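These numbers were taken from a predicted model, which means no experiment stands behind them. Letters go in sequence order (proteins before strands), and every chain restarts at 1.
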Amino acid sequence: MLDIINVSLLLMMIVTALAIARLRSLFAVAMLTGLFSLLAACVFVLLDAVDVAFTEAAVGAGMTTVLFLATLGLTRSREKVTPKDRAIPAMLVAGSCGAVLIYALSGLPEFGAADTPVHQHPITEKYLVTSIDETHIPNTVTTLLASYRGFDTLGEVVVIFTAGMVVLMLLGRCAREREPDQDARAKD
Amino acid sequence: MSDVLGFYPYIAVAILLMIGLYTVMAHSNLVKKLIGLSVFQSAVFLMFISLGRRDGGTAPIAPMEHGHAVVDPAIIYSHPLPHVLILTAIVVGVATTAVGLALVVRINESYRSIEERDALASDRKVDEQLDQAG
Amino acid sequence: MALQHDQVVLRIVTKLLAPLIMVFGLYVQFHGDFGPGGGFQAGVIFASAVILYGLVFGLDAARAVIPPRTLRLLAPLGVLLYAGTGVLTLLLGENFLSYNAIDPAHPAKGQHYGILAVELGVGITVASVMMLLFFAFAGRGKVKA
């Protein structure tokens with residue numbers, strides 16, 4: 001039953017991705033990316049990753065869509081017709097990459113199996129049993145994120161901070177003051 | 001057939017990767033390229049989460065008793081580590097996408113176009129003018 | 001950016017929803033130990049309340065709620081809170097970010113406090129960066145082609 005829901009959600013994701021690749025109206029594409037993220041969040045819930053689903057729903061369906069729409073509002077919302085000369089090579093490269101991937105992925109252990117290296121590694125015991133004894137915190141994802149992999153998360157926070165500062169440098173008030181004629185142009 | 005059924009998330013991952021890669025390469029529109037990248041990214045997220053999934057498992061959140069989390073060996077959990085990695089990757093992903101979009105906005109202000117071809121063509125024109133002048 | 005005055009439904013629904021979203025963001029932030037949630041999700045949810053407010057009532061109204069100047073201070077503050085927790089454990093004689101040192105008699109309690117502090121740092125940085133991103137994109141004037 002779970003597999004049927006999973007397969008249909010994944011099929012919907014693929015159809016949405018195809019529509020994203022085909023459509024030329026970028027506003028529609030931005031809304032479809034929101035839908036794509038929401039479907040991904042549903043799949044993550046079914047795959048037991050509730051924290052990830054939460055993040056994907058908040059970030060993908062909310063934040064990313066707003067950012068794409070804001071960019072389209074600042075630029076233009078219609079994609080020009082791309083000449084077809086790139087389509088064939090792109091399809092060849094994407095197709096061969098996909099073929100290699102499917103060949104490689106078929107070497108992975110079966111989906112959901114318990115005897116995979118991921119689940120048999122001793123660290124799994126440490127994360128799922130010892131961490132609860134050590135911290136009394138039920139959500140092991142939080143324990144791992146903030147305590148066991150604290151260095152990693154510190155790095156991620158610094159990356160987010162840096163990205164925010166870069167956007168401010170590119171689009172912020174300081175960047176605009178150097179081009180005084182732009183304010184006048186924006187008003188008319 | 002049962003072989004294929006056991007691998008369906010991975011096949012979906014490969015198809016989504018292909019669509020994302022195709023969008024990045026075949027389109028000249030810069031916003032479309034970034035959207036293709038985020039589709040590609042989602043496929044990678046999906047693959048990591050699929051690897052952590054275990055049949056009959058549940059979300060890695062332990063039950064509580066008297067205000068303390070307790071270990072119950074009878075409960076099967078999916079692996080929490082991929083969840084941690086992907087959780088942070090999603091938020092970092094939106095931050096880097098924002099940097100890309102900011103660059104697109106600046107490119108549009110300089111070239112009056114968000115098409116890669118137009119920008120390259122106008123660069124070429126400037127180069128030719130400089131060559132003629134020099 | 002602001003909607004026309006006749007968008008009564010949107011305005012009233014936004015007024016009702018924005019505080020609820022903020023409270024939910026705080027719940028996700030501080031309940032992350034016990035259920036799904038944590039700093040990353042809470043930051044984005046909290047920011048989305050302000051973004052919703054800005055989309056409906058205009059950028060200036062949103063800037064009045066949280067001035068960008070404050071956000072530019074809060075974003076590094078979150079990183080500093082995170083790294084500061086690590087330095088605190090260093091000063092208490094343990095490794096960087098090993099929270100056991102915060103309460104050596106009860107290591108589990110120390111872990112609890114440490115994780116709360118660190119998640120709060122994550123939440124502050126993520127929320128302020130997300131709001132700054134929105135203000136940066138929405139505040140930029142469109143250039144006429």
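- Considering only heavy-atom pairs separated by less than 4.5 Å from chain B, the leading option among A/A70, A/A90, A/P109, A/P138 is A/P138.
- In this structure, the portion of B/T58 lying under 4.5 Å from any heavy atom of chain A is its backbone and not its side chain.
- When heavy atoms are compared at a cutoff of 4.5 Å, A/T116 does not approach chain B at all.
- Atom CG of B/L17 and atom CZ of B/F40 lie 5.0 Å apart (nearest 0.5 Å).
- Proximity to chain A involves both the backbone and the side chain of B/L101, based on heavy atoms less than 4.5 angstrom apart.
- With a 4.5 Å cut-off on non-hydrogen atoms, B/I107 does not touch chain A at all.
- Only the side chain of B/I15 has a heavy atom closer than 4.5 Å to any heavy atom of chain A.
- Put simply, of A/T142, A/T153, A/V100, A/V129, the one with the most heavy-atom pairs under 4.5 Å next to chain B is A/V129.
- Only the backbone of B/V70 comes within contact range of chain A, with heavy atoms under 4.5 Å apart.
- Of the two parts of A/L32, neither the backbone nor the side chain holds a non-hydrogen atom closer than 4.5 Å to a non-hydrogen atom of chain B.
- Of the atoms belonging to A/L10, it is side-chain heavy atoms, and not backbone ones, that fall under 4.5 Å from chain B.
- Under a 4.0 Å N-O distance rule, the pair B/K32/A/E79 qualifies as a salt bridge.
- Note: A/H119 and B/H79 have tilted aromatic rings, judged against thresholds of 30 and 60 degrees for the angle between ring planes.
- For chain B, the nearby parts of A/V141 are the backbone and the side chain; heavy atoms of each come within less than 4.5 Å.
- You'll find the ring centres of B/F7 and A/F111 outside the 6.0 Å limit.
- Looking only at heavy-atom pairs under 4.5 Å with chain B, the residue among A/T33, A/D3, A/L145, A/I102 that has the most is A/D3.
- For A/D152, the part lying under 4.5 angstrom from a heavy atom of chain B is the side chain only.
- Contacts between A/A113 and chain B at a heavy-atom distance below 4.5 Å involve the backbone alone (N, CA, C, O).
- With a threshold of 4.5 angstrom between heavy atoms, B/D118 approaches chain A through side-chain atoms but not through N, CA, C or O.
- The number of heavy atoms from other shown groups lying within 6.0 Å of CD (A/Q120) is above 12.
- Contact annotation for A/S106: only backbone heavy atoms (N, CA, C, O) come within less than 4.5 Å of a heavy atom of chain B.
- No part of B/I76 comes within reach of chain A, as not one of its non-hydrogen atoms sits under 4.5 angstrom from that chain.
- For B/L46, the parts lying under 4.5 angstrom from a heavy atom of chain A are both the backbone and the side chain.
- The local environment of CE in B/M64 is crowded, with over 12 non-hydrogen atoms from other residues, nucleotides or ligands closer than 6.0 Å.
- Chain B forms more heavy-atom pairs under 4.5 Å with one residue of A/V166, A/T124, A/V159, A/V157 than with any other, namely A/T124.
- Of the atoms belonging to A/L46, it is backbone heavy atoms, and not side-chain ones, that fall under 4.5 Å from chain B.
- Options A/V43, A/L101, A/I132 differ in how many heavy-atom pairs under 4.5 Å they form with chain B, and the most are formed by A/I132.
- With a threshold of 4.5 angstrom between heavy atoms, A/I137 approaches chain B through N, CA, C or O but not through any side-chain atom.
- In terms of heavy-atom pairs under 4.5 angstrom with chain B, the leader among A/I88, A/V45, A/N6 is A/N6.
- Neither side chain, B/Y111 nor B/E116, offers a donor N or O lying under 3.5 Å from an acceptor on the other.
- In this structure, CG in A/L74 is found 10.5 Å from CD1 in B/I114, a value given to the nearest 0.5 Å.
- A/V118 touches chain B through backbone and side chain together, each having a heavy atom under 4.5 Å away.
- Put simply, the side chain of B/I86 reaches to within 4.5 Å of the side chain of B/I49, judged on heavy atoms.
- Within the 4.5 Å cutoff, no side-chain heavy atoms of A/T140 are placed close to those of A/Y127.
- Proximity to chain B involves both the backbone and the side chain of A/V52, based on heavy atoms less than 4.5 angstrom apart.
- A side-chain N or O of B/S78 and one of A/D48 form a donor-acceptor pair less than 3.5 Å apart.
- For A/Y148, no part sits under 4.5 Å from any heavy atom of chain B, backbone or side chain.
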